[in-house]
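Quick notes on the structure that follows.
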Amino acid sequence: MVLKVFFPSCCSSAESGILIGRWISEQNSAVILAVVHFPFIPVQVKQYLSEVQRVTKVSVSVLGSWNNSKQEKEESLSEFLEDLGTIFSHEPWIQISKEGDSKFWSCSTLQKQSNNHREEEIILVYYDQRKVMLSYLHPPLDTAASTDHKVDDASKLSAIFDTVAKSKILFMTDKYDDGPIKLTHWQSDGVEASIIVELMKQASVPACMLLTFLLSLISGACKSRVLNFWPLSFLWSKLSTCEQLAHRLQHLQVIGSNKKAQNQTQLMRKANIFVSLLIDVALGILLMSWLYRKNRIGHLADTLIPVADHVAEELQDLLQWLMGAPAGLKMNRALDQVLGRFFLYHIHLWISYIHLMSPFIEMILWYVGLSACLGLTVALCILSDIVALLTFHIYCFYVYGARLYCLKIYGLSSLWRLFRGKKWNVLRQRVDSCSYDLDQLFIGTLLFTILLFLLPTTALYYLVFTLLRLLVVIVQGLIHLLVDLIDSLPLYSIILRLCRSYRLAAGVKFRVLEQQDGKPLRLLMQINPLSYGSVVQTYRLPTYSCYPKDSWTSLCKKLFLGELIYPWKHKGEKQD
Amino acid sequence: LRCRQHSASCRELAVRRPRLQLRSLSAVTSAVWLAAYGLFVLSENSMVLSAAIFITLIGLIIYLHFVKIDQESLLVIGSLGIQVTSSYASGKESTTFIEMSQVKDVVINEAIHMQKVIYYLCILLQDPRDPQGVSEVVPLFQSSKPRLDCLMEVYKSCQEILDQRKTAPQSS
């Protein structure tokens, strides 16, 4: 079978020595982690390797010998290296030798136990040790979802990535350390460290403790009885600002917890939440500075009342139009007048209420605008809540119109069944035939006629107000969609994919390097980064709202029957 | 079709597509600019011209980077896997590597497309749960669509290398 040797490209210029690494026998491949130089004492090498094996749980052993002769071939050294094979017994013993600065190395194996001496083909694969160690190999998206994954089905590549990643401790010693063993690997020229990262790690522990303490105070205050009795709790559940604030609080709790992240997904999630919060607050502060400069908030508050007045006037015009002969349809005069006057009075009440509030609007808006510093998402939620509050009368009209229409439709359908001599059997949930008395039939028919002829009027009012309500719902929905987008976008992962693309690996790619006859096949293994779409899909943060729970057909059916529609249902609310 | 053999168990097969023609590029550009000039004459708004130039540039960049495939190649390394690369006209290369343990077989399939039958080469991936089943079919050379004689050569090369994998465990 073909023997594959994974050689780190940083060891190409190392001095002669022995190769240590891991031998994966199922795949007939050897992953070389470092080169141990002369002089060394075999007993100490074996001790060191067993120490490393104990800590990292990776079966590191001596795999072969490496001969880098700068001058002509030294026969004695190569014999010495062969003799080493007897001391560190390993099947098969790999010998790689490089002459001068040539790119083409000769590779051979010594098999002691096998009887037939086959010429095995050897493939030499170079890999960048630092990148492979830092990267995380993502499983394909469909297998990541399946729960029955067998360990022995793990792909070959993940075994290699695992080996290098877990052997971090092997790379901790560099050439300036005075130990019994001298190694060459990617960090042997000096261990990499960054002052900023170390400082942040030290500072993060007290910062996390402070944050957890503050958060416990805030959540204690929020859960207190004062804020939670019935009218207020209903109000909090309806305002989307409170939901967004609760969501962000939860995020802060995740960041502030002092448990170290167990695996890659948790680490990425923490980082994503942190970066998302940071960007959100930065954008919020930017928005706030823009709003408060040149007193734009004052201008906004000044235009708010005229806008509300304008909307109310438009509604009044619309109602006058409906009370006349809208679109040429002939309405029932009496019902028309009743409904029209009822809604007009409602609008009048609403306008008086708005005018009552007008002196305080500027101050309220000024203070509410300050809360935009908590984040752009909070500001958008406040905007959506303001829109909902200002169009509350449209919502009321919609509810009145829908209820009337719904009653009418139910009455009509029940009386229609009476017309045909049938009845709805509540016990059996089906339509049964029924014999009615004469007076029941008479009154039923009368009522049916009345309801039928009043239908166009009610239906028209219902249609107009439903359209207005849908308009408001669409506007609110768009704002919430934007908030969701900002909430769930994994910015840290995207920036990582942009700047350090080798850390998110979807797979590997091989490039064939120059070949020479008689020498082993040389390949370069590079990391194939994940595509942006899969990055977003793998790492998106969960949000609290769902998308419309009704399909188009059920929505149309509900509209036809006059049932109240709540298109955006939030997670955690009881499903009816 | 170009075939290179790097070693006994490694083969690279590449299919080139015709390059971007200067004729078609200049035809499309002049058509867009003529239409923009016509709009400018009608509307007297010079933004139309700059918008047209902008659109042409952006469209060309998008076309070269995402649509125009220059070369598709298949690198078969026995006992490691199969690598499929498509390189675009702007130099971007998109690579997929499939490990040998996942590859069940490489076959030529027929498909009925409109009024003719076309042949395409595809890799059958093994279902990890069911050793006999096929979990996915990966079609190769999708944009260059080589003819049957070309496909036969590629098929023969691949089968030679895949055969080695089947005979190797028996000999050890």
Side-chain angles (χ1 to χ4, degrees), chain A residues 1-6 25-29 92 111 114-116 118-125 137 139-140 142-143 146-160 505-529 531, chain B residues 2-14 65-66 72-88 92-103 125-131 133-138 160-172:
Chain A
M1 245 176 84
V2 181
L3 177 73
K4 300 175 278 276
V5 176
F6 289 87
S25 52
E26 305 90 51
Q27 307 164 17
N28 215 25
S29 53
Q111 297 258 20
S114 62
N115 297 332
N116 48 345
R118 305 179 313 265
E119 263 310 309
E120 267 187 340
E121 192 188 337
I122 304 180
I123 299 182
L124 203 57
V125 181
L137 188 65
D142 47 353
T143 56
S146 67
T147 49
D148 54 346
H149 58 98
K150 308 189 215 1
V151 176
D152 48 347
D153 258 2
S155 74
K156 304 178 175 185
L157 292 170
S158 58
I160 296 168
V508 296
K509 46 187 181 200
F510 290 94
R511 217 177 71 198
V512 184
L513 304 171
E514 290 174 24
Q515 306 296 326
Q516 205 184 51
D517 281 333
K519 305 281 187 194
L521 178 68
R522 294 165 74 226
L523 297 170
L524 176 67
M525 184 170 93
Q526 287 167 320
I527 296 187
N528 199 14
S531 66
Chain B
R2 204 170 44 114
C3 176
R4 283 176 62 183
Q5 173 149 344
H6 298 288
S7 87
S9 68
C10 174
R11 300 247 173 93
E12 183 171 0
L13 306 133
H65 197 71
F66 291 110
E72 285 176 316
S73 70
L74 190 69
L75 178 72
V76 185
I77 309 172
S79 83
L80 259 182
I82 303 183
Q83 173 166 298
V84 183
T85 321
S86 354
S87 44
Y88 292 84
K92 167 171 112 155
E93 286 193 1
S94 90
T95 325
T96 330
F97 179 72
I98 305 170
E99 293 179 36
M100 221 25 137
S101 57
Q102 283 182 328
V103 170
L125 296 184
Q126 213 160 33
D127 198 359
R129 285 173 287 255
D130 175 18
V134 174
S135 76
E136 213 183 308
V137 173
V138 179
E160 276 174 28
I161 298 188
L162 285 179
D163 278 338
Q164 287 175 7
R165 148 179 92 144
K166 292 192 188 77
T167 56
Q170 274 110 35
S171 69
S172 63

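Proteins come first, then strands; the chains are lettered A, B, ... in the order of their sequence lines, and each starts at number 1. The structure displayed is predicted, hence computed values, not measured ones.
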Just wondering, do A:N528 and B:F97 contact through their side chains at under 4.5 Å, heavy atoms?
no

d(B:I77 CD1, A:L523 CG) to nearest 0.5 Å is 4.5 Å

Atom CG of B:L80 and atom CG of A:L521: how far apart are they, to the nearest 0.5 Å?
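Those atoms lie 8.5 Å apart.
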
If I compare all heavy atoms of A:V508 with all of B:Q83, which pair ends up nearest, and what's the gap?
O-OE1, 4.4 Å

